[in-house]
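Below is one structure, written out as structure tokens, with a few remarks after it.
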Amino acid sequence: MLSTDDHRRDSAGLRYVYPVVSRRAGGVSVGINLNTNNACNWACVYCQVENLTRGGPPPIDLDVLEEELSGFLADAVHGDFMQRQVPPEARRLMDVAFSGNGEPTSAPEFAEAVARVGKVLANFDLLGKLPVRLITNGSLLHRPEVQAGIRQLGEFGGEVWFKIDRVDPAAAAEVNGVPLVAERVFRNLELCAGLAPTWVQTCWFALDGEVPPATARNAYCELLKPLASRLAGIHLYGLARPSMQPAAPRLSRLPAEELSAFADEIHKKTGIRVNVSP
């Protein structure tokens, strides 16, 4: 049986398509993993991908992707996949999500992959009914092909979950492994929100036993406040599955009360609604 603790990309024995039970989506999320070589342009300390490397994905076989998604949906919608593999309380399809072992938009074929997903969903009469989501670090929004893919995703009735964990450059370098520039993040987020409905997703945890300080919380709220009217909301979540990175021993979960308090602070300072998944 699938569970929220097991997000293996090979659970269905396919190259690109993998089902998971998502605690944030609230049911079965049909994942699309374009980064089959475990390569990403970020290196987040909490990442659960084993053997994570820097870089982009290999060429995407779009025909295989289309065939796999078609076959899986046939089993999920018309077959007995839900009864065989999914706990009773989660037996509902929630979305198709571009989320895998690296940054999905780093694939040159990203926009075409979005188009293929839309084609398959239309064949099952699910286009506009089953949301298409992109889970992204937002770092490549300057690329026209990435913008084209996100715009198309928005036309499908989908949405983007845009990762912002820390805003301070030193903290972002430690948590995400990148030289983050807040102004660039703001521009990319603003651009993304104009192309498709956009949520910010934020992983909040203690590092070396230290809770993110008030300065980190303030910087986060200051960045997002000007975009409050343009964002769908914020997904604030804690650590759910063990990190596979060298820094794993340094990480620890925060109490649910700590996340709820930060969510209240965000809403008070920005007016943005916040969903919390401890």
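Between Asp264 and Lys268 there is no salt bridge, since no side-chain N of the basic residue sits under 4.0 Å from a carboxylate O of the acidic one. The residues Arg230 and Glu190 are annotated as salt-bridged, a charged nitrogen and a carboxylate oxygen being separated by less than 4.0 angstrom. One finds a salt bridge joining Arg116 and Glu112 here, because a Lys/Arg side-chain nitrogen approaches an Asp/Glu carboxylate oxygen to under 4.0 Å.
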>> Thr215 vs Asp168, test: side-chain hydrogen bond (donor to acceptor under 3.5 Å, both in side chains). Steps then yes/no.
In response: CA-CA 9 Å; Thr215 53; Asp168 175 79; over 6 Å; no
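Aromatic ring orientation, Trp161 versus His235: tilted (interplanar angle from 30° to 60°). Ring-plane geometry between Phe81 and Phe72 is classed as perpendicular, the angle between the planes exceeding 60 degrees on a 0 to 90 degree scale with a lower cut at 30.
Counting only N and O atoms by type, the side chains of Ser70 and Asn123 include no donor and acceptor under 3.5 Å apart. Between the side chains of Trp199 and Glu159, a donor-acceptor pair is found at a separation under 3.5 Å.
Looking at every heavy atom in both residues, Leu231 comes nearest to Ala193 through CD2-CB, 4.4 Å. Pairing each heavy atom of Ala90 with each of Val28, the nearest pair is O-CG2, 3.5 Å.
Judged purely by atom type and a 3.5 angstrom limit, Ser29 has no side-chain atom pairing as donor or acceptor with the backbone of Gly31. Looking only at distances, a side-chain donor or acceptor of Glu68 sits under 3.5 Å from a matching main-chain atom of Val17. Side-chain N or O atoms of Ser106 include none that pairs as donor or acceptor with a backbone N or O of Gly56 at under 3.5 Å. In terms of modelled atom types and a separation under 3.5 Å, the side chain of Asn35 and the main chain of Asn37 share no donor-acceptor contact. Asp208 places no side-chain N or O within 3.5 Å of a backbone atom of Glu210 that could act as its donor or acceptor partner. A donor-acceptor pair is defined here as one N or O able to donate and one able to accept, closer than 3.5 Å; no such pair exists between the side chain of Glu103 and the backbone of Asn41. In terms of modelled atom types and a separation under 3.5 Å, the side chain of Asn137 and the main chain of Lys163 share no donor-acceptor contact. The backbone N or O of Ala232 sits less than 3.5 Å from a side-chain atom of Arg273, completing a donor-acceptor pair. A side-chain donor-acceptor contact under 3.5 Å links Arg91 to the backbone of Val86. In this structure a side-chain-to-backbone donor-acceptor pair under 3.5 Å is present from Glu109 to Ile60.
Atom CD of Glu89 sits in a crowded spot, with more than 12 heavy atoms from other residues, nucleotides or ligands closer than 6.0 Å.
If you run side chain to side chain contact (heavy atoms under 4.5 Å, CB included) between Leu224 and each of Ile266, Val185, Leu189, only Leu189 comes through.
Annotation: side chain of Cys40 is not in contact with side chain of Asn101 (no heavy-atom distance under 4.5 Å).
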